[in-house]
Amino acid sequence: MASETAEVVAGRDFIRDIIDADIAARRTTEVVTRFPPEPNGYLHIGHAKAIWINFGVAQEYGGRCHLRFDDTNPTKEEQEYIDAIKRDIHWLGFDWGRHLYYASDYFDQLYDWAEHLIRSGKAYVDDLPADEMRVMRGSLTEPGCNSPYRDRTVAENLDLFHRMRDGEFPNGARVLRARIDMAAGNMNLRDPVLYRILHAAHPRTGTKWCIYPTYDFAHGQSDAIEGVTHSLCSLEFEDHRPLYDWLIDNLPVPSRPRQYEFARLNLGYTVLSKRVLTQLVRHGHVTGWDDPRMPTLAGLRRRGVPAAAIQDFVRRAGIARANSVVDIAMLDHSIRDVLNKTAPRRMAVLRPLKLRIDNYPSGSGEELVAVNNPEDATAGTRRIRFGRELYIERDDFMEAPPKKFYRLAPGREVRLRYAYFVTCREVVKNAVGEVVELICTYDPATRGGNAADGRKVQATLHWVGAADAISAEIRLYNLLFDRAEPDTGSDLIAELNAMSLVTLTESRVEPALGAATLGEPVQFERQGYFCLDPLSGPNRLIFNRTVGLRDSWTKARATDDQGVEKI
RNA sequence: UGGGGCGUAGCCAAGUGGUAAGGCAGCGGAUUUUGAUUCCGCGAUACGGAGGUUCGAAUCCUCCCGCCCCAGCCA
């Protein structure tokens, strides 16, 4: 059965179990979910998990997923974020179709329902200032006490609430509170605030309102209005569920949504907190929300991470209720897995070292054939030009190699990929003793890379022709933070990895890379996966390293390996 | 002696009384014109701890320990 295969791919988790049970018990006939971002920042990979769950589950059950902006606080929300969020969700591969909503679409209905609560004696206008309200709310271990305004008459409450709406009072003067239980163990039930006065223009409703519903009063009711069946959110809202249910129970809402919580995603060596990410952007620690070092979807996209890899990653990480920190290596794995199959191969020398082949005829050289992608036969081949003067990677030569180093060294023969075997005959140094050029000889009988006599070499090096290679800037990105679990509470700067961006300006890449296009991944052989950066221009190639290839050589000789990737 | 959650290998995570899936990482080995990819093999006498129930417990009960969330007129 095909559907079985699909389920295995999607994975099983407690949320799907709940939905299965609901359908089996006929508690619901359709599955409607929603992804409810607040437009006050960019989406990050943690949101990708929530998006994947909400849209994915709806898709699997033939239901639908709404995109609903939770825009109940005009002092923090902006249109720029709304646009960015839509763009990122589409890029990730999901579509809400015609189901685009805003909590602000329901402000009129919400207002009516607030009056409904007042009329039924379940809400009241409180004049307590914020600080007094806090004191009277009690503490985690002590019950709160009732506000002196708790027993106002319905008429008085209605009058005051109308006047709040009509702008008679300044910010903070009064709030509408639910009348529940000031002694409840759950703080959310100690007469939570439902409406507050905010004289601020709203991106969508303009100046129509000067009172706005709180998250608690807006969320569940919006779910009910839209017919959401399963309202999936993260663990910190668990304590809000009794309030969510209380409101649904006490209001004439058109449907009965249920809230379920799952643990949010945490990634090692990074931070998935809008507060901190916003800080990084505002303080200039990164170049913007789309800085390739950012865990935002915009940053990952610019870095070259395919949407498919992000989906694969969140699927592998799984959904559960236990807080956890996922190893960044798992993300890297998903990225490589996708890119290995799709990225065409090219040769690029990041840190060039000149190599001259003494016995190779001078002139324009010759054309050789290179495979575009050994993982994909349909990717075809391309021609590359070999010549007397080339560049190889500095790291591929050592004058005094340790035993396990089997690349080029004095007197040693290696293969130049798709070309010939070359042997290092002489090392040229400058005045300060740095190696500046290697003089080699080649074996004409090894054209294409195989020796007629069957002899082997231990290494194959990538190279570019000195005559036709083009210059490029290459940006190597490393972990943004030094520690697996950064302390973002105090000194953020102290936690940042000083080597998070290493820019190489002397790189030389094969001519075919001059035609690289935005959004197309490429593998620089033996180096990693790269992509063109949007800042590239006609005469300026800039490549971002998405992720390096797995590398058991540098790994073997790493001594300070704290999990921090070295350049 | 507030309320709500969570604890299964280095990191995720299945498992819902019948004798510990899978993935990532790691370590061996094979193949290899990318030290890549691919392929093969290796890890929990044990599920935070201690008791108990049971023929049998990661799964049920009791107590204990640890971690997370909640005292915004943020979401």
Side-chain angles (χ1 to χ4, degrees), chain A residues 11-13 17 36-38 40 70 72-73 75-76 126 128-130 133-135 137-144 171-177 183-190 192-198 211-212 214-216 218-219 233-242 261 263 265 268 274-275 313 315-334 336-337 340-341 345 347 371 374-375 404-407 415-419 421 448-450 456-462 484 523-528 548-556 563:
Chain A
R12 293 305 308 176
D13 51 73
D17 287 344
E38 182 190 12
N40 67 343
D70 230 324
T72 57
N73 188 345
T75 65
K76 295 190 172 178
D126 196 343
L128 245 32
M133 196 184 291
R134 186 182 334 114
V135 171
R137 186 154 30 229
S139 72
L140 293 180
T141 52
E142 286 169 316
N171 287 355
R174 287 178 229 265
V175 295
L176 181 73
R177 289 230 258 174
N186 183 340
M187 301 291 286
N188 293 117
L189 263 19
R190 318 245 265 226
V193 172
L194 267 21
Y195 261 95
R196 75 283 213 196
I197 299 171
L198 246 32
I211 58 172
Y212 293 92
T214 56
Y215 162 84
D216 287 306
H219 205 94
C233 62
S234 46
L235 248 29
E236 65 268 31
F237 292 101
E238 197 162 13
D239 288 346
H240 292 249
R241 189 170 4 114
E261 313 84 17
L265 173 71
K274 261 198 243 181
R275 192 197 104 245
F313 167 69
R315 179 185 60 76
R316 283 177 196 265
I319 307 167
R321 287 175 61 82
N323 290 316
S324 61
V325 179
V326 179
D327 194 333
I328 194 86
M330 212 186 276
L331 208 212
D332 288 345
H333 173 82
S334 292
R336 293 190 187 108
D337 196 40
N340 176 48
K341 293 166 190 146
R345 273 56 169 174
M347 292 202 281
V371 172
E375 304 292 321
K404 299 301 277 287
F405 182 89
Y406 46 83
R407 273 113 93 147
R415 169 169 40 231
L416 290 181
R417 183 141 225 225
Y418 298 124
F421 284 11
N450 284 307
K456 304 291 184 194
V457 288
Q458 279 200 107
T460 299
L461 311 186
H462 59 279
Q523 182 196 98
F524 288 175
E525 296 225 30
R526 303 207 306 132
Q527 297 284 180
L549 252 29
R550 279 187 66 195
D551 182 358
S552 51
W553 162 239
T554 56
K555 188 181 294 170

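Chain letters run A, B, ... following the sequence lines, proteins first and then strands; every chain starts at 1.
- If you take atom P in U19(B) and the same atom in G56(B), they sit 15 Å apart, rounded to whole Å.
- The two atoms that bring L235(A) and R321(A) nearest to each other are CD2-O, 3.2 Å, heavy atoms only.
- Between the side chain of R415(A) and the backbone N or O of G449(A) there is at least one donor-acceptor pair closer than 3.5 Å.
- Atom CG of D332(A) and atom P of G26(B) are 11 Å apart (whole Å).
- Comparing atom distances between the R417(A) side chain and each of U37(B), G3(B), U34(B) picks out U34(B) as nearest.
- Comparing atom distances between the A320(A) side chain and each of U16(B), A14(B), C6(B) picks out A14(B) as nearest.
- Listed nucleotides G2(B), G3(B), C74(B) differ in distance to N186(A); the shortest reach to its side chain belongs to G3(B).
- Using a 4.0 Å heavy-atom distance criterion, Y406(A) is classed as a base contact.
- Not one side-chain nitrogen or oxygen of R407(A) sits closer than 4.0 Å to the OP1 or OP2 atom of G35(B).
- Comparing the C1' positions of G10(B) and G3(B) gives an interatomic distance of 34 Å, to the nearest angstrom.
- Residue R321(A) has its side chain nearest to G5(B) when only G35(B), G5(B), G3(B) are considered.
- Nearest heavy-atom pair, D551(A) versus T554(A), reported as atom, atom and distance to 0.1 Å: OD2-OG1, 2.7 Å.
- Between A322(A) and A263(A), the closest heavy-atom pair is O-CB, 3.4 Å.
- Counting non-hydrogen atoms under 4.0 angstrom, F405(A) reaches a base of the nucleic acid.
- Using a 5.5 Å limit on the distance between ring centres and a 30° limit on the angle between planes, the aromatic ring of Y215(A) does not count as stacked on the six-membered base ring of A75(B).
- Counting to the nearest Å, the P atom of C11(B) and the CG atom of D327(A) are 9 Å from each other.
- One finds no side-chain N or O of R275(A) lying less than 4.0 angstrom from the OP1 or OP2 phosphate oxygen of G72(B).
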Stepwise side-chain contact (heavy atoms from CB on, under 4.5 Å) test for Q527(A) and H462(A): CA-CA 9 Å; Q527(A) 297 284 180; H462(A) 59 279; 3.6 Å; yes
In dot-bracket notation, what is the pairing pattern of RNA chain B, taking Watson-Crick (N1-N3 plus N6-O4 or O6-N4) and G-U wobble (N1-O2 and O6-N3) contacts under 3.5 Å, with [ ] crossing and | for other strands? .(((((((.[[[..)..(...]]].(((((.......))))).....[[[[[..)....]]]]])))))).....
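- Residue L128(A) is in base contact, counting any heavy-atom pair closer than 4.0 Å across all strands shown.
- For the pair T72(A) and A75(B), the criterion of a side-chain N or O lying under 4.0 Å from OP1 or OP2 is met.
- For the pair N73(A) CG and C73(B) C1', the computed distance is 10 Å after rounding to whole Å.
- Residues H333(A) and R316(A) meet the side-chain proximity criterion, which asks for heavy atoms closer than 4.5 Å.
- Going from atom CZ of R241(A) over to atom P of A75(B) covers 20 Å, rounded to whole Å.
- Here R316(A) does not reach the OP1 or OP2 of A13(B): none of its side-chain N or O atoms lies under 4.0 Å away.
- E261(A) comes within 4.0 angstrom of nothing in the nucleic acid, heavy atoms only.
- Proximity of R550(A) to the phosphate of A36(B): no side-chain N or O atom is located under 4.0 Å from OP1 or OP2.
- With hydrogens and angles ignored, no donor-acceptor pair closer than 3.5 Å exists between the side chain of R336(A) and the base of U37(B).
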Before giving the answer on side-chain contact (heavy atoms from CB on, under 4.5 Å), spell out for R190(A) and M133(A) the whole-Å C-alpha distance, their side-chain angles and the decisive distance to 0.1 Å. CA-CA 11 Å; R190(A) 318 245 265 226; M133(A) 196 184 291; over 6 Å; no
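- If you check distances only, the side chain of H240(A) does reach the base of A75(B) with a donor-acceptor pair under 3.5 Å.
- No engagement by P143(A) is indicated, since no non-hydrogen atom pair under 4.0 Å with the nucleic acid exists.
- Nucleic acid contact class of E525(A) (heavy atoms, under 4.0 Å, all strands): base.
- Using atom C1' as the reference point in both A58(B) and G7(B), the two lie 12 Å apart (nearest Å).
- Checking U16(B), C6(B), A71(B) against every side-chain atom of L140(A), the shortest atom distance belongs to A71(B).
- Side-chain N or O atoms of R134(A) include none that pairs as donor or acceptor with a backbone N or O of P129(A) at under 3.5 Å.
- Comparing the P positions of C42(B) and U34(B) gives a spacing of 28 Å, expressed to the nearest Å.
- Considering only side-chain N and O atoms, H333(A) lies under 4.0 angstrom from the phosphate OP1 or OP2 of C24(B).
- What separates CD of E142(A) from C1' of G2(B) is a distance of 10 Å, to the nearest Å.
- Counting any heavy atom pair closer than 4.0 Å across all strands shown, V326(A) reaches sugar-phosphate atoms only and no base atom.
- Not a single donor-acceptor contact under 3.5 angstrom links the side-chain atoms of D551(A) to the base of G35(B).
- Residue-level contact check: V325(A) touches the backbone only, with heavy atoms under 4.0 Å from sugar-phosphate atoms and none from bases.
- Close to C73(B), at under 4.0 Å from its OP1 or OP2, lies a side-chain N or O of R137(A).
- Residue side chain Q523(A) reaches the base of U34(B) through a donor-acceptor N/O pair under 3.5 Å, judged by distance alone.
- When heavy atoms are screened at a 4.0 angstrom cut-off, S552(A) is found touching the sugar-phosphate backbone but no base atom.
- In this structure, CG of L198(A) is placed 12 Å from P of C73(B), rounded to the nearest angstrom.
- Regarding the sugar-base torsion, G10(B) falls in the anti class, its angle being beyond 90° of 0.
- For the C1' atoms, the distance from G43(B) to A20(B) is 13 Å, rounded to whole Å.
- When rounded to the nearest whole Å, the span between CE of M133(A) and P of C73(B) equals 7 Å.
- L331(A) comes within 4.0 angstrom of nothing in the nucleic acid, heavy atoms only.
- Comparing G2(B), C11(B), A13(B) by their closest approach to the side chain of M330(A) singles out C11(B).
- In this structure, the CG atom of L461(A) is 15 Å from the P atom of A36(B), given to the nearest Å.
- For U53(B) and U59(B), the C1' atoms lie 13 Å apart once the distance is rounded to whole Å.
- C63(B) and A21(B): their C1' atoms are spaced 32 Å apart (whole Å).
- If you check every strand for non-hydrogen atoms under 4.0 Å, R174(A) touches nothing.
- Using a 4.0 Å heavy-atom distance criterion, P37(A) is classed as making no nucleic acid contact.
- For A13(B), one of the phosphate oxygens OP1 or OP2 lies less than 4.0 angstrom from a side-chain nitrogen or oxygen of S324(A).
- Contacts of T75(A) with the nucleic acid, taken as non-hydrogen atoms under 4.0 Å apart, are absent.
- F237(A) comes within 4.0 angstrom of a nucleotide base, judged by non-hydrogen atoms across all strands.
- For the OP1/OP2 pair of C74(B) and a distance below 4.0 Å, the side-chain nitrogens and oxygens of R196(A) include at least one atom meeting the criterion.
- Rounded to whole Å, the P atom of A57(B) lies 15 Å from the corresponding atom of G49(B).
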